[in-house]
Amino acid sequence: MRVAFIAAECEPWAKTGGLGDVVDALARALGQVGGSQAAGAELDGLDGLDGLVDVFIPRYRSVPVPDGARAVALSIPDPLAAGRTLDLQLLIAETHGYRLHLVDYPAAFDREGMYGTPTTDHPDNAWRFGLLCRAALEHLRHGDRPPDVIHIHDWHAVPALLHREGALGADPAIGRAAFILTVHNLAYHGWTPVARVPELGLGAIGKADGIDLLLAGIQGAELVNTVSPGFAAEALGPDMGMGLDPALRARGDRFFGILNGLDTDLWDPATDPALAAPYSRADRSGKAACRTALLEEIGLDPTDARPVLAMVGRLDRQKGFDLLAEAAPALLDLGLRLAVLGTGNYEVVAPLRAVAESAAGAGRIALMERFDRDLARRLYAGADGVLMPSRFEPCGTGQMVGLRYGTPPIVHATGGLRDTVIDVDAHPATGTGFAFESATAAALVDACARFLTRFTARGPAWEALLHRGMAVDFDWRTASAPDYLAAYQRAIALRQSGA
Ligand code: GLC
């Protein structure tokens, strides 16, 4: 099989969230498990991968171009001027275990912000991501071996599928390709109002008022998945379906969940260069040094034994950040401390900032409003617990990192969080963290109180909890990447049969 990815993000070149981690780690893992040599028993009956995965992302202003990248000139039809072409280039490098293609067109991508400014989306995003897709297809169809599978991630890559459904479908190299759409975030649809639809270069598509690109992808791809079985089930209902639940239900068994993995080479406290000291499941002694160094770095007293709960990520309502702000005074009353890292909108952050600046919060809440890869790693290692009170969470990465770093997660039992964290009070022999059922500040406080009780008691039960968490195998190569290979094969068969 020849597989190409089209996506808006891929770490370390471009990332705002979990999408970037997943595109990078899955592409690499497929290269590792997909080769017929390495296939192993669990891949019995599956075709291997032919060569590396081809990954296409925009060359945003912030993207570091890898050393040795070669430039390939490319012309694509200008969506806004019939008969004219746009000249752009691809920067191509084999790196990180896949073949990276940066679509380089400064007018679209050399500007501030990947999706927009802090206050608003770029108004021409349909044009920008349409160009990404068209450039990827143009390169693929002129290559020596056409792709068998085009794996599109979120709404940004859906124009590629619409091209196959349109005129480009007559091109044998594109027409034969099977499409699989992975929905990482069902909340972002790529709604394109009718005035902007021509920018896609696809003619008059969609409804009278415009096109919902994610919906079009859900309807048209051979297979559609999301990033955990738990969220796949929730998304079928109106509460979590974000208006797309009828379309998802209509796909029957062609919509399903594959749990994300974790890149266990990139996320390993034994080798993580950002940490003050290495540690492992067998020898956790370095974790104390990580805690001391972290607390000194962020201005919390390292000699204070009271636990520090960390929250890392986009500071928005999806992530339950407002719940944390509401719960913060009660958490301080319990004797907990908080360390929060991320960027977000001012209204969501303001209430927590107010608590942090109050007499009760001074010295006990560290609020860091920025994006800092290395500090995130030090938080996962040096904190005592990881908070993820997300309202909805297709999968989530922080809870998996927390488990692997011996820092128990406290999560709202939703989507991928429910699939990956076992509540230790409900399941004392197998639990790995703390899960609460309703997305309320009171339920969050209650779960943190349960954390505190166990943390304070310490002893063998606490040790066993950490050990179980650190032992969970989230490696992409174990289950997730083989599941994607199986899905690719199924998508190819569906395409070939015309079903
Ligand atoms: C999105 C989802 C998150 C998921 C990530 C990667 O960011 O919100 O739950 O882990 O995509 O799939």
Side-chain angles (χ1 to χ4, degrees), residues 5-12 14-30 55 57 114-115 151-158 180-190 214 217 224-235 240-242 244 248 255-264 266-267 311-321 342-344 348 371 373 376 380 386-404 409 411-421 435 439 472 474 476 479-481 483-484 487:
F5 281 18
I6 306 176
E9 301 188 17
C10 181
E11 170 76 355
K15 162 173 166 174
T16 66
L19 170 66
D21 290 318
V22 168
V23 169
D24 165 67
L26 176 57
R28 176 167 43 257
L30 287 168
V55 177
I57 61 167
M114 286 167 45
Y115 304 109
H151 187 164
I152 55 177
H153 297 266
D154 279 348
W155 70 265
H156 321 94
V158 169
I180 175 166
L181 165 66
T182 296
V183 180
H184 297 264
N185 198 328
L186 200 58
Y188 296 97
H189 292 198
L214 190 61
V224 181
N225 80 299
T226 186
V227 287
S228 68
F231 186 70
E234 291 171 3
M240 297 282 186
M242 325 260 171
L244 296 174
L248 293 171
F255 170 63
F256 49 89
I258 296 178
L259 187 68
N260 280 342
L262 186 71
D263 189 312
T264 49
L266 283 181
W267 295 101
M311 185 159 162
V312 177
R314 258 185 303 121
L315 307 180
D316 69 16
R317 284 190 89 252
Q318 177 200 337
K319 298 292 175 186
F321 192 71
T343 51
V348 179
F371 182 81
R373 281 188 179 78
Y380 288 121
V386 170
L387 282 172
M388 288 190 72
S390 308
R391 284 204 164 65
F392 70 94
E393 195 64 79
C395 183
T397 312
Q399 82 281 15
M400 293 195 255
V401 176
L403 289 168
R404 186 155 165 82
V411 305
H412 175 217
T414 184
L417 298 176
R418 188 195 291 280
D419 287 352
T420 50
V421 178
V472 181
F474 290 120
W476 278 101
S480 314
D483 284 353
Y484 274 103

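One-based numbering, in listed order, for ligands and for the atoms of each.
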Using a 3.5 Å cut-off on N or O atoms only, is His184 in polar contact with ligand 1? yes

Can you check which of Met388, Gln318, Gln399 brings a heavy atom nearest to atom 8 (O) of ligand 1? Gln318

In Å, rounded to the nearest 0.5 Å, how long is the span from CZ of Phe255 to CG of Asn225? 8.0 Å

Test your reading of the structure: does Cys395 have an N or O sitting under 3.5 Å from an N or O of ligand 1? yes

Atom 9 (O) of ligand 1 [closest protein heavy-atom partner, distance rounded to 0.1 Å]: Glu393 OE2, 2.4 Å

Relative to ligand 1, is Leu19 under 4.0 angstrom through side chain, backbone, both or neither, heavy atoms considered? backbone

Rounding to 0.5 Å, atoms CZ (Phe474) and CE (Met400) come to a distance of 6.0 Å

Need the ligand 1 atom indices (1-based, order shown) with element for anything under 4.0 Å from a heavy-atom of Asn185. 8 (O)

Nearest heavy atom to atom 10 (O) of ligand 1: which of Gly396, Gly18, Gly313, Ser228 does it belong to? Gly396

Atom pair NE2 (His151) and NE2 (His153), whose distance is rounded to the nearest 0.5 Å: 3.5 Å

Nearest heavy-atom neighbours spanning Thr397 and Gly18: OG1-CA, 4.2 Å

Using heavy atoms and a threshold below 4.0 Å, how should the contact between Asn260 and ligand 1 be classified: side chain, backbone, both, or neither? side chain

Suppose I only count heavy atoms of Val22 and a 4.0 Å limit; which atoms of ligand 1 are within that range? 6 (C), 12 (O)

One should read off an interatomic distance between His184 NE2 and Asn260 CG, to the nearest 0.5 angstrom, of 7.0 Å

Val227: numbered ligand 1 atoms lying under 4.0 Å from its heavy atoms: 12 (O)

How many angstroms lie between atom CZ of Phe371 and atom NZ of Lys15, to the nearest 0.5 angstrom? 5.5 Å

Any donor-acceptor pair under 3.5 Å from Asp154 side chain to Asn185 backbone: yes

